[in-house]
A.B. asks: 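Quick one: this structure, given as structure tokens, is what I'll be asking you about.
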Protein chains: 2
Amino acid sequence: MAATNEIDSLDKLISSTLTGKELEEYNRIHYGRTDHHELQITKNTIELANNNNFEISAYDFPAKYEETRKSRIVKVGIIQHSIVLPTDSKITEQKSSIFEKIGVIISAAASEGVNIICLQEAWNMPFAFCTREKHPWCEFAEPVNGPSTVFLAELATKYSMVIVSPILERDEVHGDTIWNTAVVINEFGKVIGKHRKNHIPRVGDFNESTYYFEGNTGHPVFDTTYGKIAINICYGRHHPLNWLMFGINGAEIVFNPSATVAGLSEHLWGVEARNAAIANSYFTCAINRVGTEVFPNEFTSADGKPAHKDFGHFYGSSYVTAPDGARTPSLSRVKDGLLIAQMDLNLCRQIKDKWGFTMTQRLDLYAKSLQKAAEIDYEPQVVKSQL
Amino acid sequence: MAATNEIDSLDKLISSTLTGKELEEYNRIHYGRTDHHELQITKNTIELANNNNFEISAYDFPAKYEETRKSRIVKVGIIQHSIVLPTDSKITEQKSSIFEKIGVIISAAASEGVNIICLQEAWNMPFAFCTREKHPWCEFAEPVNGPSTVFLAELATKYSMVIVSPILERDEVHGDTIWNTAVVINEFGKVIGKHRKNHIPRVGDFNESTYYFEGNTGHPVFDTTYGKIAINICYGRHHPLNWLMFGINGAEIVFNPSATVAGLSEHLWGVEARNAAIANSYFTCAINRVGTEVFPNEFTSADGKPAHKDFGHFYGSSYVTAPDGARTPSLSRVKDGLLIAQMDLNLCRQIKDKWGFTMTQRLDLYAKSLQKAAEIDYEPQVVKSQL
């Protein structure tokens, strides 16, 4: 599914072009550290990745030693993948072919000791919202305890992993309503909760408001065995207030499972999730699907261009940022991938102590300001120029 | 004052290393456009810059044609500079030597038709807060109508410019209190208002809370002849809520006059002001001083290292981001500079229409959430894991 005329990644381009002091300075200024702290991956896992045509990389984010707290080291894995079958194949076969692919990648993560996995947005289906067609795409929706959860719960139990599964949810109890939802499955295979996407795009081919509403589950943080996690689904990454509330509720790792294409957002991708990690002193994991998805019927994109059948190139480029703003190189722009980040979660509080963003944030001031600003007859604070 | 072992800029390094399709892809993915839209600078101005050892660059940010609104094209200039005399020179001479330097750079901006200028934080003095000494550094503070304002008001009138002047303010009316303040002078030389820094750092050598308090002027937007502008001073760039309120109050251009050093923040610099431009659909102008400042008495930096006399390297790298997330290359890391950005302010609303961040931001939800979160006995929304 990968477009072949695409470059693999800027990160690989730079690291294969610059050398010596120049590369070191690039790494320091751009990534926030001169050395990427790569972790070794076992030979078997590398073979598995090669045989199944996915990329694998692993990085370490250590924290300072503390006398009064133990290190809280966790291994997080994020997965980006393309769909497997053409979008006009049978729905059950489209799903099961993705299950098969994901099963292999999760087994690779398990063999590297990963504790928490997050998949991309609507991971078990093509991102069909460009079509604005309800049929057959709504058939991909599942209740929270549907087949995708059953499939992942088994892997979660087998590998003692927490798995975050972003799906199209069918809420059968409330009028068969559809939501964009992340299901959180713990290491015993139990669904401990869900989060529904808070902010819904109406931009370019992202006609998602045609399918589902703004989420009604607030900003939950899931206190798992391996750390406090939250999920900011896709377009929510453009909203600093969304990131903020997950931080206020105590998140240490916030996943951003996404689906976004090159023509629209690629220059924003490295900025937003990274800024959120910095502003909120937590880890962020930005995950984007990969490849080009072609649909059976043509559709227009509200951009004056002729009708067409593909969504453009999902550019992958998944990456992780630490609370101190240091980040990993991205996964490929064109290939499935597993990125592993080993994190000492003590780093979150250490960075809060260092930078003091929570201490200095003046939450009471902004609570008042936003309350006023949300009023219908709000008068902005404007100073007029004068002669 | 420039440290000579520093590289000039990542931007120049990349553009002189990559070529062809690779450079184009780098530019598209990193800067947000394949072409920087450089504007021509007149020969006379280039000569002036060369003779006075400052860099000058200029870029264009056009907007789409609209039938019902005229283009609103404005030229903005941002200036980064090092101090001129050693920090143990007479205060009046330190100031007047900086005035002289700034006078030349502003004249260059005028000859290129710049309408709005913003200077760096505490532009008329060394950034002495690393010392924690009150004497003699507090002597640099001035009332809003002090000598620096008088100096700039004359240039504002002469060149019909709006000038933003970030200074250490002495509030003689309220107990001789000191503030970190941006004074806004209109094109008739009149002070139309001021904004005091909302968030004060306590990190590394930035002992600013020793000198002044959190600002009490809210989030004013100054409705000038050339556009609606606001100022987010230095450490306020780490606070998304600060950026947000300027946007809510209608800002089209937000300046971020700063003073920050390489060891602390350089990997965050390209992220934060740029993210703010994206999230709030306005232009941001990030300005950082340049050079290494050495002080008469030694001081410690609370990092376990021995006492020393310099603040580290202020890395310049000033840049401008448009509401669509496209950005200019940075000015030098080591040299004084003037960066000119021609902007069609219509782009702000065009991007709001395209991306819909204000429509989808759910301000009422967050007003309530923040109000709760600011309460002393707030209970975070946490979902516990279960067997």
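Labels below follow one simple rule: chain letters A, B, ... track the order of the sequence lines, proteins then strands, and each chain is numbered from 1. Since we're looking at a predicted model, the values are computed, not measured.
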A.B. asks: Select one option (side chain, backbone, both, neither) describing which atoms of A:A326 are under 4.5 Å from chain B's heavy atoms.
C.D. replies: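 The backbone, not the side chain.
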
A.B. asks: Using non-hydrogen atoms and a 4.5 Å limit, figure out which bit of B:L241 sits close to chain A: side chain, backbone, both or neither.
C.D. replies: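 Both parts, backbone and side chain.
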
A.B. asks: Shortest non-hydrogen contact from A:D324 to B:H267?
C.D. replies: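 Minimum heavy-atom contact is O-NE2, 2.7 Å.
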
A.B. asks: Under 4.5 Å from any heavy atom of chain A, what part of B:R33 do you find: side chain, backbone, both or neither?
C.D. replies: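 Contact with chain A: none, neither part.
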
A.B. asks: A:L264 versus chain B, heavy atoms under 4.5 Å apart: side chain, backbone, both or neither?
C.D. replies: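 Looking at A:L264, backbone and side chain both touch chain B.
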
A.B. asks: Tell me, for B:F206 versus chain A, whether the close heavy atoms (under 4.5 Å) come from the side chain, the backbone, both or neither.
C.D. replies: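 Neither part.
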
A.B. asks: Check each atom of A:F188 against the heavy atoms of chain B and say whether the ones under 4.5 Å are side chain, backbone, both or neither.
C.D. replies: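 Contact with chain B involves the side chain of A:F188 alone.
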
A.B. asks: By a 4.5 Å heavy-atom criterion (distance strictly below it), what part of B:A230 contacts chain A: side chain, backbone, both, or neither?
C.D. replies: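 Nothing of B:A230, per the 4.5 Å heavy-atom cut-off to chain A.
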
A.B. asks: Is there side-chain contact between B:Y378 and A:I248, with heavy atoms separated by less than 4.5 Å?
C.D. replies: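 Yes, their side chains come closer than 4.5 Å.
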
A.B. asks: Answer with side chain, backbone, both or neither: which region of B:T217 has an atom nearer than 4.5 Å to a non-hydrogen atom of chain A?
C.D. replies: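 For B:T217, the contact with chain A is made by the backbone alone.
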
A.B. asks: Measure distances from A:I29 to the heavy atoms of chain B and classify the residue's part below 4.5 Å as side chain, backbone, both or neither.
C.D. replies: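 For A:I29, backbone and side chain are both near chain B.
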
A.B. asks: Checking A:T321 against chain B: side chain, backbone, both or neither under 4.5 Å from a heavy atom?
C.D. replies: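 Neither part, no heavy atoms under 4.5 Å.
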
A.B. asks: How close do B:H238 and A:A279 get, heavy atom to heavy atom, and via which atoms?
C.D. replies: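 Smallest interatomic distance, heavy atoms only, reads O-CB, 3.9 Å.
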
A.B. asks: Does CD in A:E379 sit with more than 12 non-hydrogen atoms of other residues, nucleotides or ligands closer than 6.0 Å?
C.D. replies: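 Counting other residues, nucleotides and ligands, CD of A:E379 stays at 12 neighbours or fewer.
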
A.B. asks: Please look at B:N242 and chain A and tell me whether the side chain, the backbone, both or neither of the residue comes under 4.5 angstrom of a heavy atom of that chain.
C.D. replies: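 Both parts, heavy atoms under 4.5 Å.
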
A.B. asks: Under 4.5 Å from any heavy atom of chain A, what part of B:F246 do you find: side chain, backbone, both or neither?
C.D. replies: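 The answer is neither part of B:F246.
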
A.B. asks: As a test of understanding, state which of B:N186, B:D223, B:T224 forms a side-chain hydrogen bond (donor to acceptor under 3.5 Å, both in side chains) with A:S385.
C.D. replies: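 The option that passes is B:N186.
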
A.B. asks: Below 6.0 angstrom between ring centroids: does that apply to A:Y366 and B:H199?
C.D. replies: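 Centroid separation for A:Y366 and B:H199: below 6.0 Å.
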
A.B. asks: So, for A:S265 and B:W355, which heavy atoms are closest and what is the spacing to 0.1 Å?
C.D. replies: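 Scanning both residues completely, I find the closest heavy atoms to be CB-CH2, 4.2 Å.
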
A.B. asks: When the aromatic ring centroids of B:H239 and A:F357 are compared, is their separation below 6.0 Å?
C.D. replies: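 Judged by ring-centre distance (under 6.0 Å), B:H239 and A:F357 do meet the cut-off.
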
A.B. asks: So which part of B:E214 gets closer than 4.5 Å to some heavy atom of chain A, the side chain, the backbone, both or neither?
C.D. replies: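 Both backbone and side chain.
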
A.B. asks: Under 4.5 Å heavy-atom distance to chain B, tell me which part of A:N198 shows up: side chain, backbone, both or neither.
C.D. replies: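 Backbone plus side chain of A:N198, per the 4.5 Å heavy-atom cut-off to chain B.
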
A.B. asks: Check each atom of B:K384 against the heavy atoms of chain A and say whether the ones under 4.5 Å are side chain, backbone, both or neither.
C.D. replies: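 For B:K384, the contact with chain A is made by backbone and side chain together.
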
A.B. asks: At a heavy-atom separation under 4.5 Å, does A:P201 approach chain B through its side chain, its backbone, both, or neither?
C.D. replies: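 Neither; nothing under 4.5 Å.
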
